[in-house]
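Here's the structure we're looking at; comments come further down.
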Amino acid sequence: MSAHSHEIEEGLAFLPKFDASGLVTCVATDVATGDVLMVAHMNAEALRKTIATGEAWYFSRSRNALWRKGETSGQTQRVVEMRTDCDQDAIWIRVEQIGAACHTGRRSCFYRKVEGEGGEAKLVFVNAERLFDPDAVYKK
């Protein structure tokens, strides 16, 4: 193990490792239930704003834009705890989720289960009730 990797894996300096696009993957879980709510990405500014404000900020790859969770929908995430993994290339935030985490109006983005049947994979809805109508909220 090099001195640098020892510092990253065992040290107390927060040294997030961003990918070639300047992003780090972030997993958000519900602090009360432990449920995985969503997986998104943060750039340096989103990470800085999340730490500074205690609210979840992300970077949208599809819109190429910074966004605060809930800025349009009102479905916010208050960060209770933030962790990084061993090599600091992923972030885990435990949040108090207000309403739905998913832009589809569901509590979690993980509302479909993959089932194998005869060597083929299919999706089955689980916990898929909508908490809000995305067409009304996002004016699509």
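The analysis underlying the following values was restricted to heavy atoms, covering all of them including side chains, and did not include hydrogens, waters or symmetry mates.
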Check whether any side-chain heavy atom of Phe59 lies under 4.5 Å from a side-chain heavy atom of Asn64, and answer yes or no.
yes
Which atoms form the tightest heavy-atom contact between Lys17 and Asp87, and what is the distance?
CE-O, 3.6 Å
Kindly work out whether a path of hydrophobic side-chain contacts (I/L/V/M/F/W/Y, heavy atoms less than 4.5 Å apart) joins Leu37 to Ile93.
yes
Tell me every residue that passes side chain to side chain contact (heavy atoms under 4.5 Å, CB included) with Ala13, counting only those two or more places apart in sequence or in another chain.
Glu7, Leu15
Does the plane of the ring in Tyr138 sit parallel, tilted or perpendicular to the ring in Phe132? Use 30° and 60° as the thresholds.
perpendicular
Give me each pair satisfying side chain to side chain donor-acceptor pair (under 3.5 Å) with a member in residues 121-133, each pair once, sequence neighbours excluded.
Glu117-Lys122
Minimum heavy-atom distance Ala101-Gln77, with the two atoms named:
CB-NE2, 4.1 Å
Apply the test side chain to side chain contact (heavy atoms under 4.5 Å, CB included) to residues Arg112 and Phe125: give CA-CA distance (whole Å), side-chain angles for both, the deciding distance (0.1 Å), then the verdict.
CA-CA 4 Å; Arg112 294 174 291 179; Phe125 285 96; 3.9 Å; yes
Of the non-hydrogen atoms in Asp89 and Val24, which two are nearest, and what is the gap between them?
O-CG2, 3.3 Å
What are the two closest non-hydrogen atoms of Thr25 and Val39, and how far apart are they?
CG2-CG1, 3.7 Å
Is there a path of hydrophobic side-chain contacts, each under 4.5 Å between heavy atoms of I, L, V, M, F, W or Y residues, that connects Leu47 with Ile8?
no
Determine, stepwise, if the pair His103 / Val137 fulfils side chain to side chain contact (heavy atoms under 4.5 Å, CB included).
CA-CA 9 Å; His103 74 282; Val137 169; over 6 Å; no
Tell me whether Met42 is reachable from Trp67 by hopping between hydrophobic residues (I, L, V, M, F, W, Y) whose side-chain heavy atoms are closer than 4.5 Å.
yes
Strictly distance-based, threshold 3.5 Å: is any side-chain N or O of Thr29 a donor or acceptor partner for the main-chain N or O of Gly34?
no
To the closest 0.5 Å, what do you measure between CG (Asn43) and CZ (Arg61)?
12.5 Å
Quick check for you: to the nearest 0.5 Å, what is the distance between Glu10 atom CD and Ser5 atom OG?
9.5 Å
Between atom CD1 of Ile98 and atom CZ of Arg78, what is the distance when rounded to the nearest 0.5 Å?
8.5 Å
Would you kindly confirm whether Val95 and Val27 end up in one hydrophobic cluster when ILVMFWY residues are joined by side chain heavy atoms under 4.5 Å apart?
no
Does Asp35 offer a backbone N or O that forms a donor-acceptor pair with the side chain of Asp30 under 3.5 Å?
no
Closer than 3.5 angstrom, by distance alone: can the side chain of Arg83 be matched with the main-chain N or O of Trp92 as a donor-acceptor pair?
no
Rounded to the nearest 0.5 angstrom, the CD-CZ distance for Gln75 and Arg107 is 9.5 Å
State whether the side chain of Ser60 and the backbone N or O of Ala65 hold a donor-acceptor pair below 3.5 Å, judged by distance alone.
no
Gln97 side chain to Ala100 main-chain N or O, any donor-acceptor pair under 3.5 Å?
yes
Under a 4.5 Å cut-off applied to non-hydrogen side-chain atoms, are Val31 and Glu81 in contact?
no
Got a sec, which residues hit side chain to side chain contact (heavy atoms under 4.5 Å, CB included) with Thr84, two or more places apart in sequence or on another chain?
Phe14, Gln88, Ile91
When you measure from the side chain of Lys69 to the backbone of Glu55, do you find a donor-acceptor pair of N or O atoms at a distance under 3.5 Å?
no
Working note: Lys49 + Leu66, criterion side chain to side chain contact (heavy atoms under 4.5 Å, CB included); need CA distance, chi angles, decisive distance, verdict.
CA-CA 10 Å; Lys49 284 180 174 264; Leu66 186 71; 3.7 Å; yes
Same apolar cluster (I L V M F W Y, side chains within < 4.5 Å links), Met82/Phe18
yes
Rounded to the nearest 0.5 Å, what's the gap from OH on Tyr58 to CD on Glu71? Could you check?
12.5 Å
